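Sequence positions, counted from 1, serve as the residue numbers for this chain. Quantities reported herein were computed from a predicted structural model and do not represent experimental measurements.
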Amino acid sequence: MRILGISRGIDYSPNLVGDDAAIFTAVIDELRHLGHEVITIREEEMRKQDYSSFDRVMTMARNRATLTDMMETMLTEYKDEELKKFFNPLRGSLACMSKTEVAMEMVTAGTPQPQFRVGFKRELMPKSDKMKDDFTLPFWMKNGQGPSTMPIDTIYCETEQDIEEALNTFSDLCIDFWLVQEHKVGDLIKFYGVEGTNFFHWQYASKGHSKFGHEKINGKEKGYAFDPNKVHRLAEKLAKKMQVPIYGGDAVIDEKGKIWFIDFNDFPSFSSCRDQAARAIAERVILG
């Protein structure tokens, strides 16, 4: 099988350049070890690449404009069959770039998540005193227009002043579309999986590398009892729904053991479980 691997641009690997490169290399090595011919390119080279000679395309790319243009071009010139070569599928990668779209996908998949609202521009920001029927401060404001590449793409708000500062920050960055998500108190876990395989891994957020340090808000885990198999089942269902077979995410376990998904991402770095993940990813890419 002839396979193309596309590495992630460094702009989309905040504080994780080495980890993202390591999982990419590990999967490429695994595919070659299994006897497949593998060619690699950088994300910046995607637009000019001819994909017709490849049986599979394993991509970690996250440039929204590039992926959108490629998907439209392939649908127009090559039809949908060409898109089926990609892992993760371009549709899924694009969906994961929008926190608002992820939240809506969770609704349709029946994934338990904190209450949320979607906003567009400053004048539609729901003040906390008008949100008492749903949820109140504290909550999170998240950039709804693209992948998180800076700490200020996700802002924790405890006061009205925090809201105003978050709105000013988003305005300065030309972010007009955002998600307001209720804050849940509990143990924060990170999970990683490859849909369609037996691979699934979870750990407390305190045990791994922090991208931006937001995990400290929830503090040290208390060890609340919960069912990891349920997390796996929920994640697999969402991954299939969103067309994101290579996935990772975050969830909060409250004191009653209830699971709340708060984020879901395409092709994470798998830094704490790289070797097992690389084998599972290679298997999934080959299976198609």
Undergrad: Would you please name every residue forming a ring pair (Phe, Tyr, Trp, His ring centres under 6.0 Å) with F54, sequence neighbours left out?
TA: none

Undergrad: Does the side chain of D20 pick up a donor-acceptor pair with the side chain of S13 at under 3.5 Å?
TA: yes

Undergrad: Quick one: CZ on R274 to OG on S269, what's the gap to the nearest 0.5 Å?
TA: 7.5 Å

Undergrad: Could you check whether any side-chain heavy atom of Q49 comes within less than 4.5 Å of a side-chain heavy atom of I41, counting everything from C-beta outward?
TA: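 Q49 reaches I41 side chain to side chain.
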
Undergrad: Should V185 and Y224 be counted in the same cluster of Ile, Leu, Val, Met, Phe, Trp and Tyr side chains packed under 4.5 Å apart?
TA: no

Undergrad: Report the C-alpha separation of L90 and M70 in whole Å, then their side-chain angles, then the decisive distance to 0.1 Å, and conclude whether the side-chain contact (heavy atoms from CB on, under 4.5 Å) test is met.
TA: CA-CA 8 Å; L90 300 184; M70 284 184 57; 4.2 Å; yes

Undergrad: With distance as the sole test, does T25 use its side chain to make a donor-acceptor pair with the main-chain N or O of A22 at under 3.5 Å?
TA: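 Looks like no, no N/O pair under 3.5 Å.
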
Undergrad: Do I286 and L31 have side chains that approach each other closer than 4.5 Å (heavy atoms only, starting at C-beta)?
TA: yes

Undergrad: Do I246 and M1 belong together in a cluster built from hydrophobic side chains that touch within less than 4.5 Å?
TA: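 Yes, I246 connects to M1 through the hydrophobic network.
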
Undergrad: Whether the side chain of D254 engages the backbone of K258 through a donor-acceptor N/O pair (distance < 3.5 Å, no angle test) should be reported.
TA: yes

Undergrad: Sequence neighbours left out, what passes side chain to side chain donor-acceptor pair (under 3.5 Å) with E236? Give chain and number order.
TA: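 For E236 the side chain to side chain donor-acceptor pair (under 3.5 Å) partners, ignoring immediate neighbours, are Y247.
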
Undergrad: Is a side-chain N or O of K85 found less than 3.5 angstrom from the main chain of Y51, in a donor-acceptor match?
TA: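 Indeed, once roles are kept as given, a pair shorter than 3.5 Å links the two residues.
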
Undergrad: Taking atom types as modelled and ignoring hydrogens, do the side chains of N143 and W178 form a donor-acceptor contact shorter than 3.5 angstrom?
TA: no

Undergrad: Carefully, step by step, assess R62 and D11 under the rule salt bridge (Lys or Arg N to Asp or Glu O under 4.0 Å).
TA: CA-CA 9 Å; R62 278 188 177 165; D11 289 345; over 6 Å; no

Undergrad: Taking only residues at least two apart or on different chains, which pairs with a member in residues 33-46 satisfy salt bridge (Lys or Arg N to Asp or Glu O under 4.0 Å)?
TA: R2-E37, R42-E44, R42-E45

Undergrad: Can you list the residues that meet the ring pair (Phe, Tyr, Trp, His ring centres under 6.0 Å) rule with F200, with sequence neighbours excluded?
TA: H232

Undergrad: Hey, are the side chains of M104 and T100 touching, using non-hydrogen atoms and a 4.5 Å cut-off?
TA: no

Undergrad: Go through the structure and list residues passing salt bridge (charged side-chain N to carboxylate O under 4.0 Å, His left out) with K142, not counting sequence neighbours.
TA: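 Once residues adjacent in sequence are excluded, K142 has no partner under the salt bridge (charged side-chain N to carboxylate O under 4.0 Å, His left out) criterion.
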
Undergrad: What is the distance from atom CG of D153 to atom CE of M141, rounded to the nearest 0.5 Å?
TA: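 If I round to the nearest 0.5 Å, the distance is 11.5 Å.
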
Undergrad: Between the main-chain N or O of A109 and the side-chain N or O of K237, is there a donor-acceptor pair closer than 3.5 Å?
TA: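 Here the side-chain-to-backbone pair exists.
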
Undergrad: Linking Ile, Leu, Val, Met, Phe, Trp and Tyr by side-chain heavy atoms under 4.5 Å, what else ends up with I10?
TA: V17

Undergrad: Would you check if there is a donor-acceptor pair between the side chains of N63 and Y12 at a distance under 3.5 Å?
TA: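 Short answer, yes.
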
Undergrad: Is a salt bridge present between K190 and D250, judged by a nitrogen-to-oxygen distance below 4.0 Å?
TA: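 D250 and K190: salt-bridged.
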
Undergrad: How many angstroms lie between atom CZ of F116 and atom CD1 of I262, to the nearest 0.5 angstrom?
TA: 14.5 Å

Undergrad: Report yes if some heavy atom in the side chain of L137 is under 4.5 Å from a heavy atom in the side chain of F139; otherwise report no.
TA: yes

Undergrad: Hey, could you give me each pair passing salt bridge (Lys or Arg N to Asp or Glu O under 4.0 Å) that has a residue in residues 98-112? Not counting sequence neighbours.
TA: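 As it turns out, the salt bridge (Lys or Arg N to Asp or Glu O under 4.0 Å) pairs with a partner in residues 98-112, which skip direct neighbours, are K99-D263, E105-K241.
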
Undergrad: Report the C-alpha separation of C96 and V244 in whole Å, then their side-chain angles, then the decisive distance to 0.1 Å, and conclude whether the side-chain contact (heavy atoms from CB on, under 4.5 Å) test is met.
TA: CA-CA 8 Å; C96 284; V244 185; 3.8 Å; yes

Undergrad: Among residues at least two apart in sequence or on other chains, which ones pass side chain to side chain donor-acceptor pair (under 3.5 Å) with E221?
TA: S206

Undergrad: Give a yes or no answer on whether the side chain of E30 reaches the backbone of A278 with a donor-acceptor pair at less than 3.5 Å.
TA: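 No, because the side chain of E30 does not come within donor-acceptor range (under 3.5 Å) of the backbone of A278.
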
Undergrad: Does Q181 form a side-chain hydrogen bond (donor to acceptor under 3.5 Å, both in side chains) with H183? I'd like the steps, not just the answer.
TA: CA-CA 6 Å; Q181 184 185 70; H183 173 66; over 6 Å; no

Undergrad: Taking all atoms of both residues into account, what is the closest heavy-atom pair of I281 and M58, and its distance?
TA: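 That closest heavy-atom pairing would be CG2-SD, 4.2 Å.
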
Undergrad: What pairs with D69 under side chain to side chain donor-acceptor pair (under 3.5 Å), at least two apart in sequence or on another chain?
TA: R47

Undergrad: List for me each residue that meets ring pair (Phe, Tyr, Trp, His ring centres under 6.0 Å) alongside W202, sequence neighbours excluded, and say none if there are none.
TA: Y204, F226

Undergrad: Rounded to the nearest 0.5 Å, how far apart are OG of S53 and CG of L4?
TA: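 Answer rounded to 0.5 Å: 8.0 Å.
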
Undergrad: Between F87 and F267, is there a shared hydrophobic cluster once you connect ILVMFWY residues whose side-chain heavy atoms come closer than 4.5 Å?
TA: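 Shared cluster, yes.
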
Undergrad: Scan residues 276-288 for pairs that pass side chain to side chain donor-acceptor pair (under 3.5 Å), counting only residues two or more places apart or in two chains.
TA: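 For residues 276-288: E195-R284.
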
Undergrad: Given 3.5 Å as the limit, does a donor-acceptor pair link the side chain of T68 with the main chain of R64, or not?
TA: yes

Undergrad: Same hydrophobic cluster for I189 and F264, using side-chain heavy-atom links shorter than 4.5 Å among ILVMFWY?
TA: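 Yes, one cluster joins them.
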
Undergrad: What pairs meet the ring-ring contact (aromatic ring centres under 6.0 Å, His included) rule with one or both residues in residues 268-288, with sequence neighbours excluded?
TA: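 Pairs touching residues 268-288 that pass the test: Y192-F270.
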
Undergrad: Would you check, one step at a time, whether the test side-chain contact (heavy atoms from CB on, under 4.5 Å) holds for V252 with D187?
TA: CA-CA 5 Å; V252 172; D187 292 345; over 6 Å; no

Undergrad: Give a yes or no on whether D172 atom CG has more than 12 heavy-atom contacts from other residues, nucleotides or ligands under 6.0 Å away.
TA: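 For D172, atom CG is crowded (more than 12 foreign heavy atoms under 6.0 Å).
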
Undergrad: Under 4.5 Å between side-chain heavy atoms, hopping through other hydrophobics if needed: is there a path connecting V102 to M97?
TA: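 Different clusters.
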
Undergrad: Would I6 and T40 count as a side-chain contact (heavy atoms from CB on, under 4.5 Å) here? Give the steps.
TA: CA-CA 6 Å; I6 305 174; T40 63; over 6 Å; no

Undergrad: So, do S7 and M60 sit near enough that their side-chain heavy atoms are less than 4.5 Å apart?
TA: no

Undergrad: Evaluate the side-chain proximity of T159 to Q161: yes if any heavy-atom separation is below 4.5 Å, no if none is.
TA: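 Touching, per the 4.5 Å side-chain cut-off.
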
